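Note that the structure is a prediction, hence the values are computed from the model and not measured.
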Amino acid sequence: MLGPVILAASRSDRMRRMISAAPGTKQVVDRFIPGETVDEVLPVVRDLTARGLELTMDVVGEDITSPAQAEAARDAYLELIDRLKPLELGTRAEMSVKLSMFGQALDGGHELALKNVRPVVEAAAGIGTTVTLDAEDHTTLDSMFAIHDELRADFPQTGCVIQAYLFRTEADARRLADSGSRVRLVKGAYKEPASVAYQQKHEIDKAYVRVLKILMDGEGYPMIGSHDPRLISITQELARRAGRKPDEYEFQMLYGIRGDEHLRLAAEGHRMRVYTAYGTDWYGYFMRRLAEKPANLRFFVRSMITKG
């Protein structure tokens, strides 16, 4: 099981330096992260939306150690929203944010994160779009859900993410599956202990389907974060049984993974949103992509050997 090893490496400064210096790293990083600046990523936004796809955009970065860095993260999102405004894409380009970037782990972090994320949610609403709060490790979730509830009081379309591998998630899904809610379901990409999360793939897949059914049978708007062909087929069947039309749920997949499938689903009339990350602090995001799928790791190792 290489996944847990890679996730542990995602927190290692020594591994960060080593991987950043590896000859093949840039080639693989570029596959998942199409740019470091807004100027570099906007052509990607135009290209994907012209192909009938939608986006959720993430400014990468998690290791925030000061309030000033949290404010800089807020300002990076405000710049993105300002640059998206002339494109008039509305909800075709939304934002995804990690509250750790907004200072959640600092002293007084809950209040600080709420203070920093609120202007981003407000600015997004001002251009006709919205924000989804990404889930992080299980110790942060009570704070994330509380901030989500506060934001929804003024901005009801604010979304959140739940992770199928956590034992708590079925209960969270039942609470969240109300009218007007937007909930993205993912398997989970953090190293969690056996006391709080399923550890085996087949257990996680079963949990995913159970939670998916709760969301499909609820009154909210499910967002299906998966590249798994079997889960995509199950989603379509559960949507049919629940009487949902194609615009009453959506698929979400990562930029750089299964691009042909993105286009196929969009061509069939489904809402297909591409999770598109950009920025200079790419390491943690990149390592989770390697941990999620062995093929990504093989591609990285092959690139290093080829370039070395």
The side-chain contact (heavy atoms from CB on, under 4.5 Å) partner of Arg273 among Gln252, Met253, His262 is Gln252
Salt bridge (Lys or Arg N to Asp or Glu O under 4.0 Å) filter on Asp134, not counting sequence neighbours, yields Lys98, Arg184
Side chain to side chain donor-acceptor pair (under 3.5 Å) filter on Arg230, not counting sequence neighbours, yields none
Can you hop from Leu231 to Ile214 via hydrophobic side chains spaced under 4.5 Å?
no
OG1 (Thr169) and CG (Leu185) are apart, to the nearest 0.5 Å, by 8.0 Å
Are Val59 and Tyr278 packed together at the side-chain level, in the sense that at least one heavy-atom pair is separated by less than 4.5 angstrom? yes
*asked:* Checking Met272 against Glu261 for the side chain to side chain contact (heavy atoms under 4.5 Å, CB included) test, could you report, in this order, the C-alpha distance in whole Å, the side-chain angles of both residues, the deciding distance, and whether it holds?
replied: CA-CA 9 Å; Met272 174 64 234; Glu261 183 71 355; over 6 Å; no
Close side-chain approach of Tyr165 to Gln199, heavy-atom, < 4.5 Å:
no
Residues pairing under salt bridge (Lys or Arg N to Asp or Glu O under 4.0 Å) where one sits in residues 201-224, two or more places apart or in two chains, turn out to be Glu170-Arg210, Lys187-Asp205, Lys201-Asp205, Lys213-Asp217
Of all heavy-atom pairs linking Gly103 and Ala70, the shortest is N-CB, 3.7 Å
Sequence neighbours excluded, the answer for salt bridge (Lys or Arg N to Asp or Glu O under 4.0 Å) partners of Glu40 is none
Show me the donor-acceptor pairs, under 3.5 Å and distance only, between side chains in residues 146-153 and residues at least two apart or in other chains.
unit_1, atom_1, unit_2, atom_2, d
His148, NE2, Thr158, O, 3.0
Arg152, NE, Pro156, O, 3.0
Arg152, NH1, Asp178, OD1, 3.4

Q. Quick one: does Tyr208's side chain get under 4.5 Å of Ile234's, heavy atoms only?
A. no
Residues Ala197 and Glu192: closest non-hydrogen pair is CB-CB, 3.7 Å
Minimal heavy-atom distance between Leu215 and Ala177, with the atoms involved, is CD2-CB, 4.2 Å
* Asked: Among the clusters formed by ILVMFWY side chains lying less than 4.5 Å apart, do Val161 and Val274 turn up in the same one?
  -> no
N/O donor to acceptor pairs below 3.5 angstrom from side-chain atoms of residues 79-92, sequence neighbours left out:
unit_1, atom_1, unit_2, atom_2, d
Arg83, NH1, Asp39, OD1, 3.1
Arg83, NH2, Asp39, OD1, 2.6
Arg92, NH2, Thr49, O, 2.5

Determine, stepwise, if the pair Gln163 / His138 fulfils side chain to side chain donor-acceptor pair (under 3.5 Å).
CA-CA 9 Å; Gln163 301 167 102; His138 76 279; over 6 Å; no
Taken in chain and number order and not counting sequence neighbours, the residues that satisfy side chain to side chain donor-acceptor pair (under 3.5 Å) with Glu94 are Thr56, Thr132, Arg182
Closest heavy-atom pair, Ile162 versus Ala173, reported as atoms and distance to 0.1 Å, is CD1-CB, 3.9 Å
Between Tyr190 and Ala135 the two heavy atoms that sit nearest each other are CE1-O, 3.6 Å
Verify the cluster assignment for Leu176 and Leu141: are they in a single hydrophobic cluster under the rule of side-chain heavy atoms below 4.5 Å apart? yes
Could you please spell out the steps behind the side chain to side chain contact (heavy atoms under 4.5 Å, CB included) verdict for Val196 and Arg168? CA-CA 8 Å; Val196 302; Arg168 65 175 288 170; over 6 Å; no
Pairwise side-chain contact, Val97 with Leu133, heavy-atom cut-off 4.5 Å (strictly under) = yes
OH (Tyr275) and CG (Leu55) are apart, to the nearest 0.5 Å, by 12.0 Å
Residues passing the ring pair (Phe, Tyr, Trp, His ring centres under 6.0 Å) test with Phe155, sequence neighbours excluded, are none
### Task
Report, as yes or no, whether the 6.0 Å neighbourhood of atom CG on Asp107 holds more than 12 heavy atoms from other residues, nucleotides or ligands.
no
Please walk me through it: do Met144 and Glu136 pass side chain to side chain contact (heavy atoms under 4.5 Å, CB included)? CA-CA 9 Å; Met144 185 273 280; Glu136 301 182 71; over 6 Å; no
When rounded to the nearest 0.5 Å, the distance separating CG of Leu166 from OH of Tyr198 is 10.0 Å
Q | ILVMFWY network linking Val186 to Tyr221, side-chain heavy atoms under 4.5 angstrom | A | no
Of all heavy-atom pairs linking His110 and Ser143, the shortest is ND1-OG, 2.8 Å
Walk me through it: do Arg258 and Ile232 pass the test side chain to side chain contact (heavy atoms under 4.5 Å, CB included)? CA-CA 13 Å; Arg258 301 199 72 201; Ile232 290 167; 4.0 Å; yes
The side chain to side chain donor-acceptor pair (under 3.5 Å) partners of Thr235 (sequence neighbours excluded) come to none
The ring pair (Phe, Tyr, Trp, His ring centres under 6.0 Å) partners of Phe145 (sequence neighbours excluded) come to none
Rounded to the nearest 0.5 Å, the CZ atom of Arg244 sits from the CE atom of Met216 at a distance of 6.0 Å
Sequence neighbours excluded, the answer for side chain to side chain donor-acceptor pair (under 3.5 Å) partners of Ser233 is none
query = Going by heavy atoms in the side chains, are Tyr255 and Val44 under 4.5 Å from each other?
reply = yes
Output for pair (Met223 CE, Cys160 SG), nearest 0.5 Å, gives 7.5 Å
Acceptor/donor pairs from residues 111-124 side chains to any protein atom, 3.5 angstrom cut, sequence neighbours excluded:
unit_1, atom_1, unit_2, atom_2, d
Asn116, ND2, Phe102, O, 3.1
Asn116, ND2, Leu112, O, 3.4
Arg118, NH1, Asp154, OD2, 3.0

Rounding to 0.5 Å, atoms CG (Leu99) and CD (Gln104) come to a distance of 5.0 Å
